[in-house]
Amino acid sequence: MRGYYLGMKDFEIVEKLLNIEKEQRLRATDALKNYNKDLVHAKQMAFHKCQKRNRWVFGGNRSGKTECGAVESVWLALGIHPYRENRRDVFGWVVSLTQQVQRDVAQAKILKYLPQRHIVDIVMREGKKSSPEYGIIDHIAVRNSFGGISKIGFKSCDQGREKFQGTSLDFVWFDEEPPKDVYDECKMRVFDKRGEIFGTMTPLKGLTWVYDEIELNVSGSDEVWCEYMEWADNPYLDSREVNFMTSVMSEDEQKSRRYGRFFSGEGLVYPEFDANVHVIEPFSVPKDWYNMISIDPGLTNPTSCHFYAVDYDGTIYVIAEHFAGGKTIDYHVEKIFEIANRLDWPKDSKGRLYALIDSAANQHTLSSEKSVAELFSEKGILVNTNVNKDLYTGIQRVKSLFCQKPPKLYIFKNCVNLIREIKSYWWGAGDRPKKVDDHALDEMRYFVMSRPAPQIPVPEPKSEIQLDKEKLLRSVIRQNKWTSKL
């Protein structure tokens, strides 16, 4: 009987272990299915649907950004991505800052969403593959839906750039901000396969290379995309916990840890600007909205020119952009006319355009007997140099247009340089913005200042009857207060 009892006990233990393993497999499978089925986080969905090959999520802590990277990696490895063309035998890297962070964050998320039945093998750097969550994984071999074998490799930035050389990849997921040299090396790894890079991070280091290369997209790449996530975007966060964390964080700390925003400690000139609100898709603008062209000329510096429309309610739309540096006036005039012809912009009887221009264009250069304004006019763009350059008032006017509800200033998505300058316009010393990359902002301000100032409604004078009523009402209120004290 004793032997039979031990046998039954062993059987029960084995059965329990099998049930636990089955439950874990089901939980992993359900996690991926439920993410796909019940996804209600709109910005996560925008990330997955985006077709750009270099896309990033800048999110506050617990905003749901890491889930994006993990699910994206699993979808690609399994060949079941619902929004892009899938491949067989996919090879990708998950890149963390350190091996410890890899184990605790990115690796844990991958194991959460990767169904057990698709795992062919797990190769460990440290620990046992029977308990991979407690060790450091080198790579996971995954059964692809096309019948091939995909591989999800794990790297950490503390290994150094040399460890990122030599491999051809289909994707790289950066969990948090990598060093620039590691990022550059990984870009070369996806080059020959036309692979993709995506990153999920909380910007805690200030205005780093990521801010320039991704948020501002200084290179003007068509493949760069980014999105911000904050606590309010994550419907699964407990509101009581959000209120508590808000109460114990400073406003500066909240900018990065709550809202996922880059912060320099100096402050943006236009914090009211929200690309999700003020940047819109181009549409066919009625010609009777067409208003004015504004130019900020440059020789070695860029020349910035934008076309402005104003609707019947006084809302301004920036609808087209010319922006180029180191070019001749002939070149700029040609490009501005190309835009005007495409828009069917109004011209005078001689085919000339009208535009505002910086008053500095009246000055003569050492290499020319004529001013920039005269040269533009000779080429068919009649410029008005009588612009209001009051910096402080102009900034306040623009800020007011951004913060009104609904806004009174919208920018077409194709005006990329204006959008970039707004995002990188910071206050400097002496309550003046830093004089860096502000050419588009200057000519936008010239146009805004050319518009009538917002009118504050003045109330009509009150009649004698109204004044008497108010006097009587105040008397009753005083009487009630005196009576209540008795």
**Student:** Is a side-chain donor-acceptor pair under 3.5 Å present for Thr200 with Trp173?
**Tutor:** yes
**Student:** Residues two or more places apart in sequence or in another chain: which of them pass salt bridge (charged side-chain N to carboxylate O under 4.0 Å, His left out) with Asp170?
**Tutor:** Arg87, Lys193
**Student:** Do Ser73 side-chain atoms and Gly69 backbone N/O form a donor-acceptor pair below 3.5 Å?
**Tutor:** yes
**Student:** Not counting sequence neighbours, which residues clear side chain to side chain donor-acceptor pair (under 3.5 Å) with Thr393? List them please.
**Tutor:** Asp390
**Student:** Side chains of Lys347 and Asn341: donor-acceptor distance under 3.5 Å anywhere?
**Tutor:** yes
**Student:** Looking at Phe171, I'd like to know if the NZ or CZ of Arg189 sits under 6.0 Å from its six-membered ring centre while staying within 45 degrees of the ring's axis.
**Tutor:** no
**Student:** What do you reckon, are the aromatic ring centroids of Phe412 and Phe283 less than 6.0 Å apart?
**Tutor:** yes
**Student:** Are Asp437 and Lys423 ion-paired here, with the side-chain N under 4.0 Å from a carboxylate O?
**Tutor:** no
**Student:** Can you list the residues that meet the side chain to side chain donor-acceptor pair (under 3.5 Å) rule with Asn61, with sequence neighbours excluded?
**Tutor:** Arg257
**Student:** Taking the six-membered ring for Trp, are Tyr183 and Trp209 closer than 6.0 Å centroid to centroid?
**Tutor:** yes
**Student:** Are the charged groups of Lys370 and Glu378 less than 4.0 angstrom apart, N to O?
**Tutor:** yes
**Student:** Would a line drawn from the ring center of Phe164 to the ring center of Trp93 be shorter than 6.0 Å?
**Tutor:** yes
**Student:** Atom OG of Ser256 and atom CZ of Arg258: how far apart are they, to the nearest 0.5 Å?
**Tutor:** 12.5 Å
**Student:** Arg55: which residues meet the side chain to side chain donor-acceptor pair (under 3.5 Å) condition with it, sequence neighbours left out?
**Tutor:** Glu72, Glu196
**Student:** Side chain to side chain donor-acceptor pair (under 3.5 Å) with Glu85: which residues, sequence neighbours excluded?
**Tutor:** none
**Student:** Tell me, please, which residues at least two apart from Arg240 pass salt bridge (charged side-chain N to carboxylate O under 4.0 Å, His left out).
**Tutor:** Asp238
